[in-house]
Each structure stands twice: as C-alpha cells, then as structure tokens.
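Only one structure is covered here, and it is reproduced in the block below.
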Amino acid sequence: MNTIIDIPELFGTDVFSEAVMQQRLEPDTFHAWKQCISTGSSLPLQVANSIAEAMKVWAIEKGATHYTHWFQPMTGITAEKHDSFISPVGDGRVIMEFSGKELVRGEPDASSFPSGGLRATFEARGYTAWDPTAHAFVKDNSLYIPTCFFSYTGAALDEKTPLLRSLDEVSREATRILRLFGDTQTNRIHVSVGAEQEYFLIPKSLYAQREDLRLTGRTLFGAAAPKGQELEDHYFGTIRTRVSSFMKDLDEQLWRVGVLSKTKHNEAAPCQHELAPIFSDAGNACDSNQVVMAIMKKCAAKHDLVCLLHEKPFAGVNGSGKHNNWSLCTDSGRNLFSPGKTPRQNAQFLVFLAAFIKGVDEYQDFLRCTVATAGNDHRLGAHEAPPAIISIFLGDELTAVVESIINGTNYTDPEKSLMRIGVDVLPSIPKDTTDRNRTSPVAFTGNKFEFRMLGSSQSVAGPNVALNTIMAEELGQFADILEKADDFDAALQKLVCDTLKAHQRIIFNGNGYSDAWREEAAQRGLSNLSSTAEALSAYVAEKNVALVTKRGIFSEEEFRARHEIYMEAYCKVINIEARTTLDMAIQQILPAAVHYSSDLALAVQRKKELGIQAKAEASLLARLTEHTDSLYAACEQLRTNLENVPKEDTQAAMFYFRNTIVTDMTTIRSHADALEQLTDKTYWPYPTYSDILFY
Ligand code: ADP
Ligand code: MG
C-alpha cells in the first residue's frame, strides 16, 4: 500500500533550522545569533542560554531525551556521547535541563581518539565547541549538536575545524578579486559542495557469514563470479524491491533531518548504488554526507541488508567513490565558475579558472594525499576510478578558449586579432560539456569542478580543505598583483595569459586510464603517487606546510599530526586485514579444502579397490594438494612477517605493510581463490561472490 508523503511538510522537520529559530527565539536573541554567524564573533552566554532553552523545548517535543555534542574526529566518521537532559530537584524527582554552557562547550572523555601526538596523556581531554553555523537536529531520540573538537591547547583534532578555517580564507581572498571587478556588495563567498555517494547493499544473512566483511568491510577472498558487470545490466537498471523500499525509507529519514537527497540509481557493479544530494554550503554538505553514511547503515539493517561503504568490497567489479562537486558562490547566489555573458563577467570567470588551474598544478600532491587511504588504494589508478595522476579535464570549448589565450589567437577565427580579456566576449561555453568517460580526476562540468578521487567511506572535509586553501592562496597572489596594477586590463590580460601558459601541463582531456597518458604525464612532469604510502609524504613537503600555515588552516604541529595519524591508520587497517586473512585461511579455507581432499582420497582408494580408475578424483586431489601446501606456506610466511613489522618508525612500518604484508596477502588469496574453484560447494565455509552479488 502506498501512503502519500507530503515532502515539503516533512523536509527538515527534525532540524532546528533558521526558520525554527526565528519562530522560537526572541527577536534580540535571533539577531544576536545571526550577527554571530555572519561575523564569526562568539556568542554571549546570555544569548547561548536562551538558544539552549528554546532548543531543549523543541527537541523534547520531537521526542529527544538526550543531547550529544556530535563531532568528526580524524577517524573519517563521527563521534557522539549522549547525556540526558535530566537534573534532580532534591525530592527524588527530576526536571529537564539544558544550559547555554552545555550547548556551547562539551568535554567528552575523548582520550582515545587519534591525535598524532597532539595530546600528552596528562592533558588528554578533548573539548567540543558548538558550531553555530551548523544546525542542530534530532535523530534517534537525541538532540545532535554539531561541534568542533580540539585539544586543551586549542589544536584542532577533527575534520571540521580546518574546513571552517579554509572557508573563511577562500571567502576573504575571493572577495578581494570581486572588489577589483567593481563588486562592492558581496560580503561572503560560499563554497558549494555536492557529494555523490556510492555504496553497496548486500543481504545481512550473507554478510554475517563472512568474517572479512564483518571485520574489514571488504572481501579478502573470493573467486570472481561467472558473471560480473560486463553486460552493463545493473547501471541505471530496475531497482530490486527490497532495495527500493530501503531507498524510500532512506530518503524519508534524510529529508526529516534536512538532507537534500535528490538522485538515486543503480551503479555499474552488481549490488552497487548511488545517492546524490543537491549541493549546499560546504560545512553543511560535510555534515550531511556524514549523516547520509550513518543513516544508510542503520536503514539498511532495518531492511535486512548491510550497507558497505568500503572503497573496494569486491575484487573484479567496480569499487565505490565519492564525487565532490565544488564551486564558489556569492552571498547573493552568483556562481563564480559560471562563464558570464559580458566581457567583464568573462574576465572574472577566467581569473577564477586560472587560479584553480594554477593551484591544482602547484599542489597536485596535496590534493592527492587528501584521498590517500588503504581502501582507496584499490581504486585509484586501477582502471576503474580516476588515475592517481592529477589532471584537469576542461572539455573542448574551454580548452579552445585557454589555447586561444595562450597562443594569442582568436577563438573563433584564427585570422582575427587576439582575444583581449575583459574587452572581448567569450564564446559561449555550453553547460552540458561534461566528461562522460569519467577517467579524469578533476573535471570542469559547466559551472563547477568535480573532484572524483575521493573514496566512498571518507569525509569530504579533507579534500575540500585542500581545494579551498589552494584557491585562497592563488586568488590572494592574483589580488596582490592586480591591486597594484596601474592598467588593470593590461595586467589582467598578462596575468591570465602567463598563468595559463605556465600551468597548461595539468590540462588533459584524453583517456586517463591509458598507458600512453601515464607516459605523457611523466614527460609533463606531473606527479604520480600511486599508493597511500607514497602520497602521505605530501603532509611533510615544505611547500605544503608553508601553504597551510601561511593561510592559518593548520599549525605546523597540527598538519604533521595528521601525517602521523593517517600513516598509523593505514598500518592498522592493513594489520587487521592481514590477521583476518590468516584467521580465515587457517580456520576456514584450509580445513574445507583438506576435508574435501581427504574425501577425494578415500574415493580414489575405494575405486582402486574395485579396479576402477579415478582419473578426475586423482587429478583434482593433486591440484588441491598443490594449493593447500602453498596456502599453508604463504600463511606461515605472513605470520612470520607480521612479527617483524618495524616498531619505532611509523613511516617504515607503513612501507613494510605496503610492500611485504600486502604482497603476502595477495599470495594467500590467489591460492584460496583457486581452492574455492576446485572445492565441492557444500564444503565451502562462506558465501561466494555469486551468492552475494547475485542474490
Ligand atoms: P552527474 O552527472 O555528475 O551525476 P548531477 O547533475 O547528478 O551530475 O550533479 C552532481 C552533483 O553536483 C549534485 O550533487 C549537484 O547538486 C551538484 N552541483 C550542481 N551544481 C553545483 C555547483 N554549482 N556547485 C557544487 N555542486 C553542484
Ligand atoms: Mg558527477
């Protein structure tokens, strides 16, 4: 039966939104809050108390019994600790209480979150502070208060703090450029982000039978199913009933908490799907994406499914990523990456475009390291996701414009005089010029850039911090030059032309998966950091440290701490995968193959006694034995190698895991998968790829 839902009525019902605040707060309080978020000033305690009271009353009406300071430590996911509103009144009864102090500041006993050495144990407490630019919401009977998380000394311990800092910085520098173009109105420039989320859904009962999925989020074993994604029958295909009721439920839950869930469809791999929200302000988009991932998991469980957010749950079919659509927009809603209609608007567009191109070229390694994780290593450069080499796709029209500027030839007619920026009109650039082959890591798609290297499970904060920071830096450099110019138009022409000329190498419109591109990219001098182990060193590269400290996004200490944290995270992930590999190989796979082998041996013997040849059995037995012997030997090797992981030096450990342990795991898997294909299915201890992907 279909119940009709009134979406506009439902949308945001569980959000303490601006509209709700306006309705429920005294006008003075509401204006004080507005003032505080537009200027970034802190909130007087009295105002905080009034907001807290209104928030509490509202949340209780929505069924909340608890509140939580919700934060985003450097684990990639969110953290929450719930406190109830109860407060004793002395006669054995309680009242519901929530003060401004509790709203604004929290002190979770948070000593177990990664800090990369930013906290000594004696000052191990972390603090949370309300981010008044983000809206509180009610979920699962708790009031969620979005917060930033920092140490006793004020060092950022989360993903959100540097993101907010980078938003201020890019807004400030972009505004300087707008002023040069005569814009006196704009006070704030927002970063718009739309994060497309890919995920897998598989039956819970099958998931439960696989230790690898339960412990690592991906399959460490599994021979390819006879069918993969080659028929392209899943992409945009009809959605399974169970999945479709999951999606309906998911949308409703997301809409309630104010997530602008818009598009849903099946993706390329069997059991793979995508959700895209409508873009919003970067801070909000970052929170929303975390909410999307969390609610996806919970909602899947309700439908007897499991949502896999890992970048590579299954070998041989596509993994999952997250496309980060990014643009800059003024407070009056003007997109700065929209090519304009007048020569002036076009000139401004070209300044932003040139700044972006220069930034991506100069900080390729910085962008690359923000998407470097153990999970994403399975995707980047693996002929299904963008290559590990960063380049920008501009499309034919915009490339022609760039070339005409560089070569001093007219775009439409090479015979005519060169195009003068700020004087001539740009040819129209159609908005639907998009990169359909999806092989480009950064693509201009009409009025935004799409950064496509993100892993499906990661926070969008890191990549957006990098995009905002490099953009702020380049716009700042441009503003320095243009503000001093006597002849603005001439300076502009020269700046855009020189910049495009110097950074042309980063533009590439061809097939990013091809070997020819790898060679050409090397000739162009583009960096190719093929794995996490190589990419993470960008956190300690002098030029990157100089950039983030100059821009006030990270202190040097904070930035280096991140390096340490991400290296440790890599080691921990591979260590868990290696130990799970051993567990399954020794306790499940080997016994299954051995049982089947001994039954085969008996069969061979019995047949012999009857004077019958047992060619098939004997041959199978020989092949099984070959692989069981090799599997066992490879397990012994891995066990020994795990005992020899370098202890003192995280970087050495990371390379050891990458070079030695991952190789051992690959060897073990190859024998295990061969055994799976030789063994009677009734002996096999867990569901196979074809059981799971084609349930
Ligand atoms: P695709 O063809 O890549 O799937 P979609 O039309 O689904 O493209 O859009 C992808 C995402 O880009 C959506 O989340 C959308 O809201 C977002 N988006 C659109 N315009 C902008 C913009 N100006 N800035 C940031 N994100 C945007
Ligand atoms: Mg897209």
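The residues of the chain are indexed from 1 along the displayed sequence.
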Residues Arg214, Glu211: salt bridge by 4.0 Å N-O rule: no
salt_bridge(Arg658, Asp377) N-O dist < 4.0 Å: no
For the student: nearest non-hydrogen atoms of Pro270 and Phe200, plus distance: O-CE2, 3.4 Å
Side-chain H-bond candidate by donor/acceptor type, Thr688 with Asp691, under 3.5 Å: yes
Carboxylate-amine/guanidinium proximity below 4.0 Å for Glu252 and Arg256: no
Carboxylate-amine/guanidinium proximity below 4.0 Å for Arg218 and Glu577: yes
From CA spacing to verdict: ring-ring contact (aromatic ring centres under 6.0 Å, His included), Phe657, Tyr570: CA-CA 9 Å; Phe657 274 110; Tyr570 178 85; 7.3 Å; no
Modelled atom types, side-chain donor and acceptor of Gln637 and Thr640, under 3.5 Å: no
Asn266 versus Gln272, side-chain donor and acceptor atoms under 3.5 Å: no
Pair Asp212-Tyr686, side-chain donor/acceptor within less than 3.5 Å: no
Test item: side-chain donor near acceptor, Asn318 and Glu267, under 3.5 Å: no
Between His69 and Thr147, a side-chain donor and acceptor under 3.5 Å: no
Cationic N near anionic O, under 4.0 Å, Arg518 to Asp515: yes
Ring-face cation of Arg210 near Phe221 (centre distance under 6.0 Å, axis angle within 45°): no
Asp140 and Ser142 side chains, donor-acceptor separation under 3.5 Å: no
Ionic contact status for Asp251 with Lys264, cut-off 4.0 Å: yes
Thr370 and Phe451, any side-chain heavy atoms less than 4.5 Å apart: yes
